[in-house]
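A quick note: this is a predicted structure, and the numbers were derived from the prediction, not measured.
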Amino acid sequence: MSFTPLTLVLAVVLVGYLAVVSPLLGKRSYDKLARTRDQDPRAYRRMFTFWSAELWALAAVALLVVAVEPGLDAAGIGLVIKEPLDTTLGAIVGFLVAATAVVLVFKWLAAKGKFVPSRQAVSHLLPRTPAERWYAAGLSVTAGIAEEIVYRGLLIAVGMGALGLSEEVAAVCALAVFVVGHLYQGWRGMLVVTLLGAVLTSLYLRSGSLLLPILVHALIDLRGLVLSPLPRREVVGHAG
């Protein structure tokens, strides 16, 4: 499958944004949040609103590429259900069991005062108030849907259609762009993102559908952000 000139232009612009512009903007906004959050109570909400809007805009561009490319359709970027419902649910249950084990290990490490890279890398993204949890929930669901459409669905299709790469090589390249997009987390956080991204990529390649990766991605983010305990000073403040 070869892409039309219009599709190639859209794809090149999108990939350039994802690989260069978005990571730098993300790191800049995250660093700004770290500096100003204590002084500006609205900084958290502004950044989460901006990140959510950016992700939905990127997903819209991805769907535009599908709309204008004759050789690409929704199924070509994984927007189709291929596996029986019981198979999908079984995979979700299996993932949740494994994820629970990982969470328990992380909790044990935290209780022992050990370094937990996944939480340290996103410490400023953790909500401090019940209101901020709603913003965290919105971003978690948004990332689960939009990032899977863009990074897994479209980028792999672009790699195969525009560059003639094999599915495996295109998936590795897409994973690399996905990891770079989390530049704000530093190298330790990006290492965790690499592992999680590899799992999501494997789920997509094995199933041929984005349904399971979207669900798993959203659950990971919800667990990491929304279900994190509020800081004690905030809890005490509300209780008093």
Side-chain angles (χ1 to χ4, degrees), residues 14-15 17-20 22-23 26-27 51 55 58-59 62 76-83 87-106 109 115-122 125 139-225:
L14 179 61
V15 172
Y17 184 88
L18 293 172
V20 180
S22 183
K27 188 176 188 310
W51 279 13
L55 286 173
L58 291 172
I77 63 169
L79 295 179
V80 63
I81 300 176
K82 292 186 176 181
E83 296 293 338
T87 301
T88 300
L89 291 177
I92 293 175
V93 171
F95 170 81
L96 290 177
V97 171
T100 300
V102 173
V103 169
L104 291 175
V105 171
F106 278 3
L109 290 174
F115 177 67
V116 182
S118 60
R119 293 187 64 82
Q120 183 68 21
V122 297
L125 296 184
L139 182 61
S140 297
V141 175
T142 293
I145 298 173
E147 288 188 352
E148 291 307 311
I149 291 175
V150 174
Y151 289 101
R152 232 73 60 191
L154 184 72
L155 287 192
I156 293 177
V158 167
M160 296 172 62
L163 302 179
L165 302 176
S166 66
E167 185 178 59
E168 292 75 14
V169 174
V172 170
C173 293
L175 176 59
V177 178
F178 176 70
V179 173
V180 172
H182 295 77
L183 177 66
Y184 69 93
Q185 294 190 18
W187 72 268
R188 289 187 177 90
M190 292 169 71
L191 177 60
V192 176
V193 171
T194 301
L195 297 176
L196 294 176
V199 171
L200 295 170
T201 300
S202 177
L203 290 174
Y204 175 48
L205 296 182
R206 288 171 64 88
S207 67
S209 170
L210 285 177
L211 174 61
L212 187 55
I214 285 174
L215 290 174
V216 171
H217 192 152
L219 287 172
I220 290 173
D221 287 359
L222 285 169
R223 170 61 187 86
L225 296 181

Q: Tell me the closest heavy-atom pair linking Leu225 and Ser140, and the distance in Å.
A: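 Residues Leu225 and Ser140, closest heavy atoms: CD1-OG, 3.8 Å.
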Q: For residues Leu210 and Ile77, report the shortest heavy-atom separation together with the two atoms involved.
A: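 That would be CD1-O, 3.0 Å.
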Q: Determine whether a donor-acceptor pair (N or O, by modelled atom type, separation under 3.5 Å) exists between the side chain of Ser209 and the backbone of Val80.
A: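 Indeed, once roles are kept as given, a pair shorter than 3.5 Å links the two residues.
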Q: When you look at Leu55 and Leu139, which way does the side chain to side chain contact (heavy atoms under 4.5 Å, CB included) test go after all the steps?
A: CA-CA 9 Å; Leu55 286 173; Leu139 182 61; 4.0 Å; yes
Q: Between the main-chain N or O of Met190 and the side-chain N or O of Thr194, is there a donor-acceptor pair closer than 3.5 Å?
A: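 Yes; at least one donor-acceptor contact below 3.5 Å.
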Q: Would you please classify the geometry between the Tyr184 ring and the Trp51 ring as parallel, tilted or perpendicular, with 30° and 60° separating the classes?
A: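 The arrangement is tilted - the two ring planes meet at 30° to 60°.
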Q: Is there a side-chain contact between Arg152 and His217 (heavy atoms, below 4.5 Å)?
A: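 Touching, per the 4.5 Å side-chain cut-off.
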Q: Do Tyr151 and Ile156 make a side-chain contact, defined as non-hydrogen atoms from C-beta onward lying under 4.5 Å apart?
A: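 When only atoms from C-beta onward are counted, Ile156 and Tyr151 do not touch, as no gap falls below 4.5 Å.
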Q: Do you know which two heavy atoms are closest between Asp221 and Ala143, and how far apart they sit?
A: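 Taking every non-hydrogen atom into account, OD2-CB, 3.4 Å.
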Q: With side chain to side chain contact (heavy atoms under 4.5 Å, CB included) as the criterion, how do Leu14 and Leu154 come out once you've worked through the C-alpha distance, each side chain's angles and the decisive distance to 0.1 Å?
A: CA-CA 10 Å; Leu14 179 61; Leu154 184 72; 3.2 Å; yes
Q: For Thr142, enumerate each residue passing the side-chain hydrogen bond (donor to acceptor under 3.5 Å, both in side chains) test, keeping only those at least two apart in sequence or located in another chain.
A: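 Residues passing side-chain hydrogen bond (donor to acceptor under 3.5 Å, both in side chains) with Thr142: Trp56.
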Q: Which atom names give the shortest non-hydrogen contact between Pro23 and Val20, and what distance separates them?
A: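 Minimum heavy-atom separation between Pro23 and Val20: CD-O, 3.3 Å.
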Q: When rounded to the nearest 0.5 angstrom, what is the spacing between CZ in Phe178 and OG1 in Thr201?
A: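 Reported to 0.5 Å precision, the distance equals 8.0 Å.
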Q: Could you check if a side-chain atom of Val192 sits within less than 4.5 angstrom of a side-chain atom of Arg188, using non-hydrogen atoms only?
A: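 No. Closest side-chain heavy atoms not under 4.5 Å.
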Q: Which atom pair, heavy atoms only, marks the closest approach of Ala174 to Leu155?
A: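 Shortest heavy-atom separation between Ala174 and Leu155 comes out as CB-CB, 3.7 Å.
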Q: Measuring only between side-chain heavy atoms, which start at C-beta, is Leu163 closer than 4.5 Å to Val158?
A: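 They are not in side-chain contact.
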Q: Which heavy atom in Pro213 sits nearest to a heavy atom in Leu203, and how many Å separate them?
A: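 Pro213 and Leu203 have their closest heavy atoms at CG-CB, 4.1 Å.
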Q: Any side-chain heavy-atom pair from His182 and Glu147 closer than 4.5 angstrom?
A: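 Yes; the side chains approach each other to less than 4.5 Å.
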Q: To the nearest 0.5 Å, how far apart are CD1 in Ile220 and CG in Leu200?
A: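 Answer for the CD1-CG pair, Ile220 versus Leu200, is 5.0 Å.
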Q: In the structure I gave you, are the side-chain heavy atoms of Leu211 and Leu215 within less than 4.5 Å of one another anywhere?
A: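 Answer yes - side chains close enough.
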Q: Pairs of donor and acceptor atoms involving the side chains of residues 165-172, under 3.5 Å and at least two apart or interchain, shall be tabulated with distances.
A:
unit_1	atom_1	unit_2	atom_2	d
Ser166	OG	Val169	N	3.3

